[in-house]
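Order of appearance sets the numbers: ligands from 1, and atoms from 1 within every ligand. Numbering of residues begins at 1 and proceeds along the displayed sequence.
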Amino acid sequence: MDKHIRHIKQLARDISEVENGGPGAEILLDKAWKSGKFAFRIGVTGPPGAGKSTLVNWLAASFSDNGKKTAVISVDPSSPFTGGAILGDRIRMNTLSGRDNVYIRSMASRGSLGGLSMKTHDVCDILDGYGFDIILIETVGVGQIELDIAQAADVTLTVLVPESGDDIQAMKAGIMEISDIFIVNKSDRHGVEAMVTHLRSLIALRKKYSTLPWEQPVIRTIATSGKGVDAVLTALDKYRKMLENQQAWHSIRGERMKNKVFQIVNETLSAHFWTPEKRKMLREELQSASAAQQSPFRIAEKLLTSLRKA
Ligand SMILES: Nc1nc2c(ncn2[C@@H]2O[C@H](COP(=O)(O)OP(=O)(O)OP(=O)(O)O)[C@@H](O)[C@H]2O)c(=O)[nH]1
Ligand SMILES: [Mg+2]
């Protein structure tokens with residue numbers, strides 16, 4: 001078998017292991033953390049059908065043309081299956097599929113949405129460990145989960161369309177906080193100027209977006225023809241240089257490491273705590289005659305005290 005294909009198959013297996021929380025996940029992530037941390041992670045979010053995948057296609061093709069090892073992950077928080085819209089994405093991504101240096105993967109929510117966002121971080125870490133230069137993360141929607149997934153990225157592009165006024169309204173402050181670059185796609189349609197003006201006024205209004213010296217640009221694109229893609233690439237490059245100049249590149253990775261340590265410690269403590277005896281104790285407390293008058297605080301206290309005695 002071709003060495004490249006073997007490599008890609010191994011990558012696909014590693015990602016599945018991490019996604020499923022299999023027994024090998026810890027070893028894989030441990031190794032990835034030691035060798036990675038260089039990929040530029042680009043989050044692409046926005047309402048359904050805004051043109052995210054079409055744009056991601058262009059960006060990925062351009063990075064790949066420049067010799068960058070590029071990964072695309074599509075995360076669909078609304079779908080418990082890998083199908084539907086994502087399958088559509090796969091078809092559209094066909095223009096990328098012949099390239100040796102592009103890897104495409106979709107993820108869907110199998111459990112909790114919080115779990116999905118954590119898995120997205122882990123999958124990015126694995127890709128980083130595999131030496132990818134660029135990781136594009138596409139997420140459908142504008143809401144809390146997109147905020148969380150956006151935190152897996154170094155930079156977040158929000159793709160809107162001339163008709164996105166209601167989406168911006170629904171998301172209020174959130175959209176201003178997570179977006180580093182705004183894109184008004186489908187600018188071949190009516191109403192682009194009004195949307196651009198609206199976004200610019202929101203940007204001007206925001207009191208304090210970040211400690212970083214960055215003004216969120218608003219870029220018009222027509223993703224179907226590739227118009228404006230160069231401006232997006234230039235903005236991404238500028239953002240990356242700004243992060244590097246501000247030493248923010250380093251602190252973003254430090255913050256990510258800290259969050260991961262918190263997660264590992266919390267999960268380990270919780271796993272140690274909830275022994276079969278503790279679960280039995282809890283069941284008994286809940287079934288006891290006085291359960292109706294019980295407070296969850298007192299039950300928790302009992303369980304925690306028994307931990308200290310143990
Ligand atoms: N007129 C016009 N249509 C566009 C433009 N960009 C994308 N489209 C079309 O809009 C539709 C949705 O594009 P996608 O790239 O799949 O959008 P998406 O945001 O990835 O969609 P989901 O992942 O399903 O949320 C497709 O039919 C595209 O061809 C554009 O600039 N102008
Ligand atoms: Mg899409």
Side-chain angles (χ1 to χ4, degrees), residues 41-64 70-97 102-109 113 116-117 120 123 134-150 152-153 155-168 170-171 174-175 178-179 181-196 199 217-233 235-236:
R41 305 179 183 196
I42 305 168
V44 181
T45 186
K52 299 176 293 297
S53 299
T54 316
L55 189 73
V56 163
N57 243 317
W58 283 101
L59 298 177
S62 166
F63 287 123
S64 151
T70 305
V72 179
I73 331 177
S74 326
V75 189
D76 188 350
S78 63
S79 165
F81 308 107
T82 306
I86 290 179
L87 195 65
D89 277 347
R90 279 220 180 113
I91 292 164
R92 254 175 272 127
M93 296 269 185
N94 264 349
T95 45
L96 295 175
S97 64
V102 177
Y103 178 76
I104 301 165
R105 174 91 179 202
S106 357
M107 290 176 68
S109 68
L113 290 181
L116 178 66
S117 112
T120 307
V123 169
I134 303 285
I135 305 173
L136 287 150
I137 311 155
E138 181 191 338
T139 336
V140 189
V142 271
Q144 184 55 47
I145 184 69
E146 291 74 33
L147 290 176
D148 293 345
I149 292 169
V155 59
T156 299
L157 308 180
T158 300
V159 184
L160 298 164
V161 292
E163 304 83 9
S164 294
D166 289 348
D167 290 307
I168 299 174
M171 210 184 162
I175 204 162
I178 66 156
S179 312
I181 297 170
F182 285 102
I183 292 166
V184 181
N185 189 41
K186 308 203 181 179
S187 64
D188 49 325
R189 287 198 194 157
H190 188 70
V192 200
E193 289 318 312
M195 179 49 72
V196 171
L199 281 170
V218 182
I219 302 170
R220 299 171 188 77
T221 58
I222 304 176
T224 33
S225 71
K227 192 158 182 270
V229 172
D230 280 351
V232 179
L233 287 163
L236 283 170

Ranking T45, N185, N57 by closest non-hydrogen atom to atom 6 (N) of ligand 1, top hit is N185
Exercise. Return the option from V161, D188, T139, V56 holding the heavy atom at the smallest distance from atom 32 (N) of ligand 1.
Key: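 Going through V161, D188, T139, V56 one by one, D188 has the nearest heavy atom to atom 32 (N) of ligand 1.
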Residues passing the side chain to side chain donor-acceptor pair (under 3.5 Å) test with T221, sequence neighbours excluded, are N185
(request) Say whether E138 and ligand 1 are in contact under the criterion: heavy-atom distance to a ligand atom below 4.0 Å. (result) yes
Is the Mg ion (ligand 2) under 2.8 Å from any N, O or S atom of S74?
no
Do you know the tightest heavy-atom contact between [X] and [Y]?
| X | Y | result |
| --- | --- | --- |
| V72 | A60 | CG2-CB, 4.0 Å |
| V161 | M195 | O-CE, 3.7 Å |
| W58 | T224 | CZ2-O, 4.3 Å |
| A223 | T54 | O-CG2, 3.5 Å |

Judged by atom type as modelled, is there a donor-acceptor pair below 3.5 Å linking the side chain of K186 to the main-chain atoms of G51?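 Checked: no pair found.
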Show the atoms of ligand 1 that are less than 4.0 angstrom away from any heavy atom in [X].
| X | result |
| --- | --- |
| T54 | 7 (C), 13 (O), 14 (P), 15 (O) |
| A223 | 6 (N), 30 (C), 31 (O) |
| P48 | 25 (O) |

Output for pair (L236 CG, I181 CD1), nearest 0.5 Å, gives 4.5 Å
Would you say [X] and ligand 1 have an N/O pair spaced under 3.5 Å apart?
| X | answer |
| --- | --- |
| S53 | yes |
| S187 | no |
| G51 | yes |
| V140 | no |

Which of these, I219, L59, T45, sits in a side-chain contact (heavy atoms from CB on, under 4.5 Å) with L157?
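That would be L59; it is the only one of I219, L59, T45 passing the side-chain contact (heavy atoms from CB on, under 4.5 Å) with L157.
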Looking only at N, O or S atoms, find the one in E138 nearest to the Mg ion (ligand 2) and name it.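 Result: OE2.
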